[in-house]
Novice: 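My questions will all concern the structure given below.
What you see is a predicted model; the values in this text were computed from it and never measured. Only this structure's heavy atoms are used, side chains among them; waters, hydrogens and symmetry mates stay out. Lettering follows sequence order; numbering is per chain, from 1.
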Amino acid sequence: MSTSAITPVPFGRRIKRFMADRPLVPLIILLVILVVILQILRPGIVNERWIANTIKFAIPLAILAGCQTMTMLTGGIDLSVGTVATMSAFIMATQIVSQDPAIAFLLAMMPAVLIGLVNGIGVGVFRVHPLIMTLGTSLIGTGCLQVYQRTVIASGAKIPGFLAWLGTGVTSGFPNALLLFVPLAALIVFTLARTGFGRLLYAVGDNERATRLSGVQYWQVITALYVTSSLLAGITGLLYIGLIKAPSLSLAEPLVLPSVAAAVIGGTSIFGGRGGYTGTIIGALILTVLTTLLTILQMPEGARRILFGLIVLFVTAAYLRIVEER
Amino acid sequence: SAAAGKYTIGISNTVQGNGWREEMVCAMKAQALASGEVAKLNIAHRNTDAAGQLEDIRNLISAKVDAIVVNPADPAGIKAGLEEATKAGIVVVAVDQAVTEPSAYIISNNQEEYAYLGAKWLFQQMGGKGEVFYMRGAAGASADSDRDKGFKKALAEFPDVKVAQEVFTGWQQDQAKQQILSFLSTGTPINGIWTSGIDNVIVDALVESQAPLVPIVGADNAGFVGQLSSVKGLVGAAVTNPGSIGGAGVTLALQILDGKKPAQQTVLVQPQLWENATDEGKAKLKAAADPSLSPEWPVSISIPDWTTYTKDQIVACKGPGE
Amino acid sequence: MSHFLRRQGWVIGLLALLIVLFIATRIIQPGYGSGDFGSLARAVLPYAFAVAAQTVVVIAGGIDLSVAAMMALTSVTAASMMAGASEEYALLVVPFVLAMGLVLGALNGLLIVVTRVPDIVVTLAMLFVLQGAALLVLDAPGGAAAEWLKALISGTVPIPGLPDAIDAWLPKALLVLVVCLCVIWVPLRRSRLGLSIYAIGSSELAAFRSGVPVKRTRIIAYALSGLFAAFGGLALTMSTGIGAPIPGPYLLASVAAVVLGGVALGGGKGGLLGPIVAVFVLRLVRTDLTLLAIDPNVTAIIEGAIMVAVVMFGAFITMRGRQ
Amino acid sequence: MTTSPLLDATGVAKNYGAVAALRNASLSVLPGEVHALMGANGAGKSTLVKILTGAISANAGRILIRGEARDIRSPAAARRAGLLPVYQEPSLIPDLDVLSNLRLTGTPVEPFRAWVRELGIADLDLRDTARDIPLAVLRVLDLARALAVEPDVLLLDEMTAALPANLAEKVLEVVRRQGDAGRAVIFISHRFVEISALCDRATVLRDGETVGVVDIVPGVEEKIVELMLGTRIVKTHVAARSAAEKAAPAPARPRLAVHNLRVGTKLNDVSFDLRDGEVAGVVALEGQGQDELFAALAGSIRPSGGTIDVDGSPVKFSHPIDAIRAGIAYVPGDRSEALAMQRSVRENIALPFSAALRNWGPINMRKERATVLSAIERLQIDTRAQGEVQRLSGGNQQKVTIARWIAADARTILCFDPTRGIDVGTKQEIYKLLRELAGHGKSVLFYTSELEEVQRVCDRVIVIFGGRLVDIFPVEEADEPALMRAAYGLPRGAKADIGILAAPTASDAPSSDALGTKP
Ligand SMILES: Nc1ncnc2c1ncn2[C@@H]1O[C@H](COP(=O)(O)OP(=O)(O)OP(=O)(O)O)[C@@H](O)[C@H]1O
Ligand SMILES: Nc1ncnc2c1ncn2[C@@H]1O[C@H](COP(=O)(O)OP(=O)(O)OP(=O)(O)O)[C@@H](O)[C@H]1O
Ligand SMILES: [Mg+2]
Ligand SMILES: [Mg+2]
C-alpha cells in the first residue's frame with residue numbers, strides 16, 4: 001500500500017482514473033466533440049433553434065432508452081417499446097376524434113399496461129427469455145393495431161392540440177417537452193438510486209438467487225418493471241405523436257434499436273446489474289447529434305450507415321476502456 | 001354475397017403498416033366485393049423481401065387460386081414464382097410496379113413519370129433556378145430508384161437548379177421530420193423541396209420552425225392535400241399515386257378471367273398533378289380533399305373506369321365473405 | 001436412452017408438431033403434394049441458413065444481430081458479380097462470397113474479443129456497417145444469378161431405382177440445405193473445436209481453465225456464423241435471381257427459431273437440428289395461414305402468439321421437470 | 001532431500017487496480033513432496049495458484065520449472081509444463097457431459113475412470129451432464145481428471161473444503177501416494193488436521209507476501225498461525241456457555257418445531273425442536289439430506305410431507321419470503337448464491353429491507369446507513385473495497401452474508417457451513433458471533449462439515465444419515481469420534497475404525513484452542 005502512495009501517479013493515469021470514477025465526464029466530452037465537429041462542418045448550425053430541435057428528438061429516444069436501461073439492469077431487454085409507443089399514439093390520435101381527452105388517454109394507455117403485464121408474467125413467471133417474450137408481444141401488438149386500424153379509417157385521426165404543443169412547442173428557447181421529460185427523468189434517476197424498487201432491479205439483474213433468498217419475489221419485480229417500461233413507452237408514444245403529427249402504424253418502430261444503443265453507450269451493461277439513467281440520457285443525445293452529423297455529410301447513404309455503425313462501436317469501446325480502468 | 005362470386009383471388013403484398021399499402025389492400029378487397037365475381041380473397045400481406053414474396057406466391061399456388069394480384073417486392077426477384085403461377089394456369093397481375101415476367105399483366109403507377117411531373121412543376125415554380133432539398137424514399141428500394149430516374153430527368157432540363165442536399169427518409173415520418181429540422185437549422189437557403197411522399201410532416205416542420213414556406217411537391221396523401229388548401233402561404237403540388245391501383249388490379253384480373261384480355265400486357269396509370277398555384281388547381285384540390293381519411297392515406301381512393309366501389313366500401317375495408 | 005430423451009426431447013416434440021402440421025395441411029388442402037413440399041423447402045432455405053448462423057453463435061454464448069445484413073451484403077455481392085458474367089464465372093463467385101462471409105464473420109468475433117464490447121452491441125454496429133456496404137455494392141435491387149445456380153434449388157433429385165412418386169418428395173433445395181449444413185456441422189459438432197464452442201457458451205471461465213483458447217474459439221464461432229449467413233445470402237440470390245440491399249426479415253426470425261429449436265439463449269445447450277425443424281414449423285404455419293385465407297392482419301397476431309405460447313410451454317415443462 | 005526444486009516461483013506480484021492481491025510471494029516445491037500453502041483469507045493463495053497455472057498473469061515475478069524459466073501464459077501452457085490445478089470452483093463445463101469434458105481437455109478416459117473409482121465414486125455415468133452432478137463429486141472428478149494425465153506438479157486449492165469426510169479421506173490418501181511417486185503436490189487448506197496428516201512443508205502467505213517456509217513437525221501449528229496472522233494474532237476462545245444459560249428452563253413452546261419432515265426421497269421423517277437462545281448443530285456426510293432440510297426450512301423448496309411449527313403455530317412456506325416473515329433467515333454455504341457481486345456492501349446488507357412490496361418506495365438513507373454500519377462493525381467487515389462485494393476476500397464476503405440477517409434482526413438463522421474455506425481468525429469471529437446471537441435469545445441451526453466446530457458452537461447436535469435423523473447429542477457427548485460414527489449411521493457406542501480422521505484415540509474432548517487436534 002504505502003509504496004504505491006509514494007510513487008507519483010502519472011498524469012495520464014490520473015485523468016483516466018478521474019474519468020473512471022465519473023463515467024459521465026467522458027460521455028459529455030464526446031458529446032461536445034461531436035457538436036464541435038458539426039459546427040466546423042456547417043458553421044452556424046449550432047444555434048438556439050438547432051439545440052431545441054435536437055433536444056426535442058432526443059427526448060422520446062431518451063425515454064425509450066430509459067425503458068431499456070431499467071430492463072437491461074435486470075438482464076432483460078424490451079423490444080416491445082416501439083410497438084407500445086405506436087399503439088398508444090395511434091389510439092390516442094384516433095380516439096380523440098370521438099372521445100373526451102381523458103378517456104382517450106386512458107384508452108391509449110390500456111394496451112401499454114396489457115402488453116407490459118403479459119411481458120412481465122411471461123418473463124417473471126414463465127421465465128421466457130425477455131428478447132423472445134417482448135418480440136412476441138410486439139408482433140401480437142402490431143397485428144392487433146392493424147386490425148384496430150381498419151375499424152377507425154372512417155373516423156379519421158387528429159393530433160390533440162396539447163400533445164402538439166408538448167411535442168413541438170418551444171417556450172423562450174426551451175422545448176415544452178422538457179416539462180414532461182425533466183420530472184420523468186428525475187423520477188427514474190431517483191427510483192433507481194433511492195428506492196427499494198430500484199435497488200431490487202440492480203440486485204435481481206446481478207444475482208437472482210441471492211434476491212430470492214433475501215425474500216424478493218422475482219415475478220413481482222419483473223412484472224412491475226415491464227409494466228413500468230410499457231407505461232413509459234406509452235407516454236413516449238403520446239409525446240412522439242405530438243412531435244411527428246402523423247399517426248402511422250410504424251411510428252415509433254425506428255426508435256427501438258437506437259434506444260438499446262443509447263442505453264449501451266450510456267454505460268448500462270446488457271448483462272444486468274450495472275448502469276444508470278443519467279448516462280443513458282447523454283447516450284440519447286449523442287445518438288441524435290450523430291444522426292444530424294451524418295445527414296449533413298454529403299456522402300452516399302451506404303457510407304453514412306457504415307460510419308454510423310463504426311462510430312457507435314468506437315464510442316462504446318472507448319467508453320468501456322475508460323470506465324474499466326479502475 | 002359469397003355465393004355470387006366464382007373466383008378465388010390471391011393477393012401478395014410485402015409492406016405492412018404503411019398508409020398507402022393499407023389503402024391498396026382495402027381497394028383490392030372493396031373492388032372484389034363490388035365486382036360480385038369473387039367468392040374469396042386469399043391475402044398474404046406482411047413485411048418481407050422478394051424471397052418471402054416467392055414463398056407467398058407459391059403458397060397461393062398451393063391454395064389453387066384463380067388469379068394472383070401482386071405488388072412486387074422487386075420487378076425481377078419474383079420472376080420464378082410468377083412463371084410457376086402462369087404454368088399452373090393462374091392469371092397474374094402486377095400492380096404498382098412492373099415485373100420482368102413476360103406472362104404477367106401489369107397495371108401500374110408510372111413511378112418515373114410521377115417524379116418527373118412533380119419535379120418539373122417544382123423547378124418551374126422556382127423560376128428555373130435555385131437550390132432544391134431532395135428527400136428520397138428508402139435506399140435500395142426499386143420504386144425509389146425509378147423515381148430517382150424521373151427526378152434526374154427533370155433536373156437535366158433545368159441546368160440552373162441544384163440539389164442542395166439529398167437525404168433518404170426511408171419513407172418514415174420521424175426520420176424525415178428530423179432531417180428537415182436539422183437541415184433548416186443549418187440556415188442553408190433553399191428554394192424548393194421535393195419529397196417522395198412523406199409530405200405533411202415537412203410542412204409541419206416548416207411551420208413550426210417558422211422557416212420560409214418554399215414550394216413543396218409531395219403525394220396526394222390526405223394530410224398534405226388538406227394542408228395545400230389550409231396552410232397560408234404554402235405553394236405546393238400533390239402528385240397522384242393512387243393506392244386504389246390495387247382495386248384496378250383486381251378489375252384487370254377479373255376481366256382476364258372472364259376472357260376479356262387487354263390489348264397490351266402493360267397498362268400504365270398516369271399520375272396527375274394538383275397544384276395550388278392556380279385557381280383551376282385549387283378547385284381540384286378542394287374536390288379531392290378528404291379530411292376524414294387518415295393523413296397517410298392517398299385521397300385518390302378510386303380510379304375512373306377501373307374501380308367501381310364506393311368510398312364507404314373502401315373505408316370499411318371488407319372483402320367478399322367478411 | 002433416458003439421456004437421449006432428456007437431451008433430444010424438445011427436438012422430438014418439435015418433429016411431432018411438424019408432422020401434426022403436415023397432416024393438418026393435408027386436411028386443409030387435400031391437394032397439398034410433393035410440388036408444394038418443394039416450395040416449402042425453397043422457402044425454408046434462406047431462413048434455415050440464417051438460423052444456422054444464429055445457432056452457432058448462440059451456442060457459443062453470444063448473439064449475432066448482423067445475420068440479415070450479412071445475408072444482404074453477400075447476396076448483392078454475388079448478384080452484382082454474376083450480372084453479365086459467364087456461367088463459369090459463377091464457379092468463382094460462390095467460393096469468393098463464402099470466403100467473404102467467413103472473413104466478415106471473423107471480423108465480428110475479432111471486434112468482440114478485442115474491444116470487449118458486448119456482442120449484442122458489436123453486431124448491432126456491424127448491422128449498420130454491413131447494410132451500408134450492401135448499399136454501396138448495389139443501391140437498388142439488381143444483379144443476376146447464373147442459371148445453374150438457380151437450377152440448383154429448383155426441381156427434385158432423381159435417384160435411380162426409386163419410383164418418381166418418392167423422388168418427387170426430395171426437392172433439390174432440401175438436399176442443398178442438408179448437404180451444406182451436414183458437411184460443416186456434423187464433423188464440427190463432435191470435434192474438439194465443436195466441444196470448445198459449447199464450452200465457451202456454457203462457462204467461459206471453466207472453458208478457459210480447461211485449456212480452451214476462448215478468444216480464438218469465439219472468433220471461429222462468429223466466422224462460422226458469417227459462413228452460414230453467406231450461404232443464406234447465396235440462397236437468396238439463387239431463389240430470386242437478384243440481390244437486394246435491404247435486409248429481409250431474417251434477424252428476428254432467426255432468433256425466434258433458435259429459441260423455438262431448444263437452444264438456450266444463454267449458450268452451451270442445444271443443437272442445429274432443433275432450430276432447423278423449428279424453421280420448417282414456422283414456414284408451414286405461414287403456409288397454412290395462407291391456405292386458410294386468414295385475415296392477413298390476424299396472421300401477425302397468430303405468429304406472435306405461437307412463438308410466445310411455444311416458448312412459454314417449453315418454460316413450463318422445464319419448470320415442472322425441475323420440481 | 002537436496003534435489004533441485006521442481007517448481008520455483010519468486011517475487012510474484014499481482015495488482016487489481018489499487019489493491020495488491022500479491023506483493024512478493026515465493027514458493028519452492030521439491031519433487032516428491034506435498035507442500036502446503038497457507039494463509040489467512042485474503043492472503044492471496046488462490047491468486048498465486050492461478051498465476052502458477054496460467055489462469056491469470058502476474059504483474060511481476062519469475063517462475064522456474066525444473067530450473068528453466070517458463071512464461072506460463074495460459075492453462076494450456078501450464079498443462080504442457082506439467083502443472084495441473086484443481087481450482088477452488090469446479091472446472092468442468094456445466095453443459096457438457098463428463099466424456100465430452102474429458103475429450104475437450106484431451107484426458108485419457110481409462111486412467112480417469114480408474115482414478116474416479118480409486119477416489120471412492122463407484123457409480124459414475126460418463127454420459128451425465130456436469131450440471132446434474134453434485135458439487136462434491138464434481139470436485140473429485142476435477143481431481144481425477146488432473147491425476148489422469150500424471151502431472152509433475154498438482155495444485156489443489158481447498159480441494160477438501162466442500163467434501164464430506166469419507167471422500168476427503170480418499171483424496172488425502174491419493175495425494176499422499178502422489179508424493180511417494182516422486183511428483184509434487186501443492187495443497188491449500190484451512191484445516192490443520194489435513195496439513196499435519198499430509199504435508200511435508202508449508203509456505204505461509206500473509207498479505208500477499210511469503211512470510212515463512214516451515215517443516216511440518218508436531219507442534220508447528222502455533223508457529224504457522226503466528227506467521228499467518230502476524231501481529232493480529234488472536235486467541236479468542238469461545239465464551240463458554242455460562243451455567244445460568246445452561247440452566248435456563250426450556251420455554252413451553254420451541255421456536256421451531258419440525259415434525260416428520262419429508263422432502264422427496266432425500267429427507268425422511270425428520271423431527272426436532274429448536275429453542276430460543278440455542279445453537280443446534282447439524283452433522284452429516286455429504287448429500288444425506290441436510291441441503292434439503294435447510295432449503296425446506298428456508299422456504300426454498302416445498303416439503304412433501306410433515307409439518308413445521310413456528311412459535312407453536314403451523315406454517316407453510318412457498319417462498320423464502322414466508323420464512324423471512326416468520327423470522328427465519330438462511331445463510332447458504334455458497335457465497336455466490338447469496339451476494340449480488342457487483343453491488344456495494346451496503347446494498348447487499350440492506351437487500352432484505354426492500355424485498356416486500358410495501359418497501360419498494362423511497363429508502364430512508366440515514367436509517368439504512370445506521371443499521372448497516374452497526375452490522376458491519378459488529379462483524380468487523382473489512383470494507384476497504386466496499387464499492388463492489390466481489391472485490392472483498394472470501395472471508396469478508398461470508399461475513400456480509402451473515403451481516404444482512406443481523407441487520408434485519410432475524411430471530412432464527414440457518415447457517416449452512418458458514419466457515420467453509422475461511423481462515424482461523426475469521427472462523428473464531430463467526431463462532432463468537434453465533435454464540436452471541438444465542439446469548440441474545442436468537443436461535444441458530446448450524447450445519448458444519450468440520451466436526452471440531454461442533455464443540456465450539458453448539459448446544460445440541462443433530463445427526464442426519466440417509467435422509468433420516470439418527471441421533472441427537474447433547475454437546476457434552478458430541479466428541480468427534482462419536483459424531484463420526486453417528487454420521488456413518490452406526491449406533492451410538494459401537495466401535496468401528498472409520499479412517500484416519502477418527503482414530504478412537506482421539507475420543508478425549510478436543511482442546512479448546514483455535515487449532516483442532518492431531519490424529
Ligand atoms: N478484483 C479485485 N479487485 C480489488 N481487490 C481484489 C480483487 N481481487 C482480490 N482483491 C483483494 O486482494 C486480496 C487478496 O485476495 P485473494 O482472494 O487472493 O486472497 P485469499 O488468500 O484467497 O483470501 P480468502 O481466503 O479470503 O479468499 C484481498 O484483500 C482482496 O480483497
Ligand atoms: N478475472 C478476475 N478479475 C478480477 N478479479 C478476480 C478475477 N478472478 C478472481 N478475482 C478476485 O480474486 C479473488 C479470489 O477470491 P477467491 O474466491 O478465489 O478466494 P479464495 O482464494 O478461494 O480464498 P480462500 O481460498 O482463502 O477461501 C476474489 O476477490 C475475486 O473477486
Ligand atoms: Mg483460495
Ligand atoms: Mg480468496
Novice: Please rank C/Leu65, C/Val117, C/Leu130, C/Thr299 by heavy-atom pairs under 4.5 Å with chain A and give me the top one.
Specialist: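 Greatest number of close heavy-atom pairs with chain A: C/Val117.
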Novice: Within this structure, what is the CZ-CD1 distance for the pair A/Phe271 and C/Ile120, rounded to the nearest 0.5 Å?
Specialist: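 Those atoms lie 8.0 Å apart.
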Novice: Measure distances from C/Val258 to the heavy atoms of chain A and classify the residue's part below 4.5 Å as side chain, backbone, both or neither.
Specialist: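 Neither part.
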Novice: For A/Gly309 versus C/Ala125, what's the shortest heavy-atom pair and its separation?
Specialist: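 Here A/Gly309 and C/Ala125 meet closest at O-CB, 3.3 Å.
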Novice: Considering non-hydrogen atoms only, spot the tightest contact between A/Ala261 and C/Leu124 and give its length.
Specialist: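 Reported closest heavy-atom pair: CB-CD2, 4.1 Å.
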Novice: Looking only at heavy atoms, which two atoms of C/Pro118 and A/Ile270 are closest? And how far apart?
Specialist: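 Distance-wise, the nearest heavy atoms are CB-CG2, 3.9 Å.
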Novice: With a 4.5 angstrom heavy-atom cut-off, which part of A/Val264 approaches chain C: side chain, backbone, both or neither?
Specialist: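 Interface part for A/Val264: side chain.
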Novice: Heavy-atom pairs under 4.5 Å with chain C - which of A/Thr137, A/Leu145, A/Val312, A/Thr316 has more of them than the others?
Specialist: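 Heavy-atom pairs under 4.5 Å are most numerous for A/Thr316.
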Novice: Residue by residue, which of residues 242-257 of chain C have a heavy atom closer than 4.5 Å to a heavy atom belonging to chain A?
Specialist: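 Only C/Leu252, C/Val255, C/Ala256 of residues 242-257 of chain C have a heavy atom under 4.5 Å from chain A.
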Novice: With rounding to the nearest 0.5 Å, note down the distance linking CG in A/Leu313 to OG1 in C/Thr123.
Specialist: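 Spacing of CG (A/Leu313) from OG1 (C/Thr123) equals 10.0 Å.
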Novice: Measure C/Ile63 against the heavy atoms of chain A and call it side chain, backbone, both or neither at under 4.5 Å.
Specialist: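 Just its side chain gets close to chain A.
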Novice: With a strict 4.5 Å heavy-atom criterion, list every residue of residues 131-140 of chain C that contacts chain A, or say none.
Specialist: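 Within residues 131-140 of chain C, the residues that come under 4.5 Å of chain A (heavy atoms only) are C/Gln131, C/Gly132, C/Ala133, C/Leu135, C/Leu136.
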Novice: Checking heavy atoms, do the side chain of C/Leu111, its backbone, both or neither come under 4.5 Å from chain A?
Specialist: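 Answer is side chain: those atoms of C/Leu111 sit under 4.5 Å from chain A.
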Novice: Heavy-atom pairs under 4.5 Å with chain C - which of A/Gly136, A/Gly302, A/Ser269, A/Cys144 has more of them than the others?
Specialist: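 Among the listed options, the one with the most contacts to chain C is A/Gly302.
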Novice: Using heavy-atom distances under 4.5 Å, tell me whether A/Leu257 contacts chain C through its side chain, its backbone, both, or neither.
Specialist: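 Its backbone and side chain both get close to chain C.
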